[in-house]
Protein chains: 2
Amino acid sequence: MKRLQLEDISKQLGYSKTLISMVLNGKGNQYGISKKTQEAVLKAVAELDYTPNKFARALRTGKSFFVGLIVADISNPFYSTIAKNIEAVLFEQGYNLMVCSTGENEEHEKRLVEMMVNQQGVDGLIVASTFKNADFYTNSRYANTPFVFIDRVLPLFNANYVVIDNYGGSIEIVNHLIKQNCKTVACFSITPSYISTIEDRINGYKDAIIKNKLKVDESLIKQIRFDTIQKDVEQSLNELLKSTTAIDAIYCLNNNITTALLIALRKKEFEKLASKIKIASFDDIDLFNIIDRKIISVSQPIEDIGKNSSLLILDVINGKQTNKSNVVLSTKLIER
Amino acid sequence: MKRLQLEDISKQLGYSKTLISMVLNGKGNQYGISKKTQEAVLKAVAELDYTPNKFARALRTGKSFFVGLIVADISNPFYSTIAKNIEAVLFEQGYNLMVCSTGENEEHEKRLVEMMVNQQGVDGLIVASTFKNADFYTNSRYANTPFVFIDRVLPLFNANYVVIDNYGGSIEIVNHLIKQNCKTVACFSITPSYISTIEDRINGYKDAIIKNKLKVDESLIKQIRFDTIQKDVEQSLNELLKSTTAIDAIYCLNNNITTALLIALRKKEFEKLASKIKIASFDDIDLFNIIDRKIISVSQPIEDIGKNSSLLILDVINGKQTNKSNVVLSTKLIER
DNA sequence: AGATAAATTTAAAAGGTTTTAGATTTTTGG
DNA sequence: CCAAAAATCTAAAACCTTTTAAATTTATCT
């Protein structure tokens with residue numbers, strides 16, 4: 001069964017392809033097609049169940065109605081929740097989403113962007129970038145492609161973005177810990193730590209300590225590598241427990257680290273020693289409602305990142321934007 | 001800056017568009033283009049950084065190099081892990097993934113399939129269908145579109161699929177419970193229960209009981225509705241605890257239910273009463289490694305669903321398939 | 001060298017839409 | 001009833017590839 005095309009409808013109806021195309025694109029009035037004709041066309045098209053060939057349309061208009069989403073890992077619930085919300089908004093507007101993961105690899109991110117823009121012809125791109133700086137994106141090649149950055153910002157780069165107030169959330173939770181009489185708060189950070197979210201959280205951690213007239217002890221800030229997360233967490237925990245300074249709390253900069261820490265704490269060698277230590281986590285996950293330990297956390301409005309960024313990219317695509325738009329969403333402290 | 005096109009390369013090089021197109025598509029030898037010419041073309045194209053217009057190519061060839069993925073909810077880790085693995089395989093082969101969520105809604109699934117096939121022109125579709133039966137998919141409209149079904153099968157439908165051995169896994173875990181002297185095993189199922197995965201798990205549960213010469217007590221099988229999961233679980237738990245029959249174990253048919261049950265068990269009213277009850281879960285999640293309670297679970301080879309289904313859809317797309325392919329992946333019992 | 005065969009290369013068509021510029025029909029005014 | 005204006009409608013071009021069918025160039029053989 002051959003696909004129906006404009007020509008077929010044209011012959012059946014006795015109107016030109018032009019006219020039918022105009023009506024279908026909602027430009028009937030604009031081009032002065034009479035009400036009666038428009039109705040007839042719409043009715044016939046509905047009956048015959050015709051839909052325009054996507055490629056021909058894209059070729060002619062240069063619009064694909066595709067938006068790309070590039071994140072580190074789509075199987076990470078944080079990003080998949082964002083994806084879900086983006087997709088819902090786009091679908092409403094007749095757009096589609098194309099998702100790819102970089103695996104936190106800069107070269108892979110490059111390839112994906114190139115591919116999406118050059119070959120796949122996306123109309124716009126939403127990116128949680130792994131890059132250290134914006135060099136790649138400031139390239140004039142991308143000047144014409146709408147971009148919205150999410151989750152992470154690139155330094156010195158005037159771009160559209162939708163992010164969380166990582167600094168503020170971090171200040172709030174560390175403040176809270178100190179008010180609860182945790183004077184010595186260790187921090188489990190993650191490598192690569194140049195990523196803006198992590199940078200901001202560390203800065204918030206430090207500034208909260210300073211504002212409370214306490215001293216920042218660099219030896220309490222531990223770097224955890226993403227691909228050896230469990231091992232690194234256990235080693236850092238070991239160091240902390242063996243050191244002479246007693247620790248009141250450990251603040252984990254993301255949910256992966258918190259999870260790893262919780263797993264570590266189930267081991268015999270840590271269980272007792274660390275039982276008094278408070279645990280705080282940037283990013284709140286379901287898990288914290290199930291376990292016995294009372295985790296203090298900062299929850300992020302993940303859905304809002306998706307909704308905001310998708311609405312924003314549509315505005316940019318449709319030329320409804322004048323200035324770059326910078327959205328910073330507030331976090332919420334969750335005590336337990 | 002206007003996009004480079006075949007014509008520009010042609011003028012610069014002094015070869016026809018035809019020739020350049022042939023070389024770029026790797027058909028140089030097939031059409032007898034000399035080695036020297038081919039090299040010259042490739043070099044020039046690389047230097048000028050030309051990439052063919054995707055839409056023009058798709059229009060001419062009818063191939064989009066897009067595969068669609070339709071699942072109930074892309075923010076569910078189960079599906080997002082599948083998505084990640086599919087995407088990785090497709091990317092290797094020059095294909096792209098387009099993901100959409102149905103929200104477990106049949107009408108929405110219809111719209112998505114129609115849209116992907118008719119308007120977006122995907123080359124193939126991977127679907128975890130929400131439908132009760134295959135009527136929609138047996139429609140001749142879709143006869144020409146490659147489909148691979150995953151996770152769930154539709155009854156009486158001769159199609160390609162990649163699924164888990166839900167029946168076998170269920171038998172194994174219930175068997176294990178009974179061997180551990182849990183004679184009375186309650187079952188928390190989920191509505192809609194016509195979904196093949198759930199059906200198979202319930203059948204496995206029943207058959208394991210029968211094979212062990214015990215009686216199936218229908219009153220121990222509780223239906224949990226997906227959208228009121230927490231409330232329903234607590235109500236069912238309440239019923240069980242109040243009834244005269246003592247329960248040895250509760251078997252939850254998916255990780256959402258298990259999680260809800262674990263949350264419920266933290267409440268004062270249940271905590272003590274249920275402390276002796278063993279908990280079993282179809283689908284193993286990280287959480288089980290962190291909490292104190294020893295959860296017995298069946299783990300599913302989630303990555304393999306993604307890998308297998310994507311390789312399969314590519315075979316179908318490329319006409320390398322003769323008969324429908326049915327893949328059933330084994331589960332693994334995890335004792336704790 | 002001339003005719004034929006083999007090796008390279010290319011012109012033109014096809015794919016199905018949207019848009020521009022222009023044609024045709026209908027209405028209006030005198 | 002005719003000319004001009006307004007209202008509808010349409011032919012053809014454009015979008016940029018890939019592929020078919022044919023042309024041109026080079027090699028081979030007598």
Side-chain angles (χ1 to χ4, degrees), chain A residues 1-42 44-45 48-65 94 117-121 123 144, chain B residues 1-42 44-45 48-65 94 117-121 123 144:
Chain A
M1 184 182 64
K2 240 193 95 196
R3 243 189 92 97
L4 230 45
Q5 63 191 68
L6 222 37
E7 182 99 45
D8 305 317
I9 315 286
S10 170
K11 276 182 190 149
Q12 290 234 6
L13 268 174
Y15 286 114
S16 70
K17 295 191 288 177
T18 308
L19 185 147
I20 295 162
S21 169
M22 286 166 167
V23 173
L24 287 182
N25 288 305
K27 299 184 178 170
N29 294 332
Q30 176 186 329
Y31 284 111
I33 313 293
S34 73
K35 273 271 169 313
K36 225 168 82 186
T37 313
Q38 291 197 40
E39 276 162 20
V41 168
L42 289 174
V45 165
L48 296 168
D49 199 16
Y50 161 81
T51 50
N53 177 304
K54 179 85 203 307
F55 306 133
R57 166 177 282 178
L59 173 58
R60 178 61 232 224
T61 63
K63 283 210 62 176
S64 68
F65 291 92
V117 174
N118 293 327
Q119 299 177 47
Q120 302 307 133
D123 293 339
N144 299 322
Chain B
M1 183 184 61
K2 240 192 93 197
R3 241 188 95 95
L4 229 46
Q5 64 191 67
L6 222 38
E7 181 99 45
D8 305 318
I9 314 286
S10 170
K11 276 183 189 149
Q12 290 234 6
L13 268 174
Y15 285 114
S16 71
K17 295 192 287 177
T18 308
L19 185 148
I20 295 163
S21 170
M22 286 166 166
V23 172
L24 287 182
N25 287 305
K27 299 183 177 170
N29 294 332
Q30 175 186 329
Y31 285 110
I33 314 292
S34 73
K35 274 271 169 314
K36 224 167 84 185
T37 312
Q38 291 197 40
E39 276 163 20
V41 168
L42 288 174
V45 165
L48 296 168
D49 199 16
Y50 161 82
T51 52
N53 177 305
K54 179 85 203 303
F55 306 132
R57 166 178 283 178
L59 174 58
R60 177 64 233 225
T61 62
K63 285 210 60 176
S64 68
F65 291 92
V117 175
N118 293 326
Q119 298 175 46
Q120 302 306 133
D123 293 339
N144 299 321

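In what follows, chains carry the letters A, B, and so on, assigned in the order in which the sequence lines appear, proteins first and then strands, with residues in each chain numbered from 1. All figures in this text were calculated on a predicted structure; none of them were measured in a lab.
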Spacing of A/Leu59 atom CG relative to C/dT19 atom C1', expressed in whole Å
13 Å
Readout for nucleotides 8-13 of chain C: B = base within 4.0 Å of protein heavy atom, S = sugar-phosphate only, - = neither; 5' to 3' it is SBBBBB
Residues in side-chain contact (heavy atoms from CB on, under 4.5 Å) contact with B/Leu42, at least two apart in sequence or another chain:
B/Val23, B/Leu24
When rounded to whole Å, the CD1 to P distance for the pair A/Ile9 and D/dT10 reads 15 Å
Tell me, do A/Asp8 and A/Gln5 make a side-chain contact under 4.5 Å, heavy atoms counted?
yes
Under the rule for side-chain hydrogen bond (donor to acceptor under 3.5 Å, both in side chains), what residues qualify as partners of B/Lys27, not counting sequence neighbours?
none
Name the closest nucleotide to the B/Pro52 side chain, picking from C/dT18, D/dT17, C/dG16.
D/dT17
Any donor-acceptor pair under 3.5 Å from A/Thr61 side chain to A/Arg57 backbone
yes
Length of the line joining B/Glu7:CD and D/dC15:P, which is rounded to integer Å:
10 Å
Apply side-chain contact (heavy atoms from CB on, under 4.5 Å) to residues B/Val41 and B/Met22 and explain how you reach the verdict.
CA-CA 10 Å; B/Val41 168; B/Met22 286 166 166; over 6 Å; no
Go through the steps to decide whether B/Leu6 and B/Tyr50 satisfy the test side-chain contact (heavy atoms from CB on, under 4.5 Å), and finish with yes or no.
CA-CA 8 Å; B/Leu6 222 38; B/Tyr50 161 82; 3.5 Å; yes
B/Tyr50 vs D/dC16: side-chain N/O to OP1/OP2 distance below 4.0 Å:
no
Would you mind reading off the distance between B/Leu6 atom CG and D/dA14 atom P, rounded to a whole angstrom?
18 Å
Rounded to whole angstroms, how far apart are NZ on B/Lys63 and P on D/dT19?
11 Å
Short side-chain to backbone donor-acceptor contact, A/Lys54 and A/Ser64, under 3.5 Å
yes
N or O in side chain of B/Lys27 less than 4.0 angstrom from D/dT19 OP1/OP2:
yes
Output the rounded distance in Å from CG (B/Asn53) to P (C/dT17).
17 Å
Watson-Crick or G-U pairs under 3.5 Å in DNA chain D, rendered as dot-bracket with [ ] for crossing pairs and | for another strand:
||||||||||||||||||||||||||||||
A/Gln5 atom CD is separated from C/dT18 atom P, nearest whole Å, by 12 Å
Counterpart residues, side-chain hydrogen bond (donor to acceptor under 3.5 Å, both in side chains), relative to A/Thr51 (two or more places apart):
A/Arg3
Applying side-chain hydrogen bond (donor to acceptor under 3.5 Å, both in side chains) to B/Asn53 and not counting sequence neighbours gives none
Grab the CZ-C1' distance between A/Arg57 and D/dA14 for me, whole Å please.
17 Å
Are any of B/Asn25's side-chain N or O atoms less than 4.0 Å away from OP1 or OP2 of D/dT18?
yes
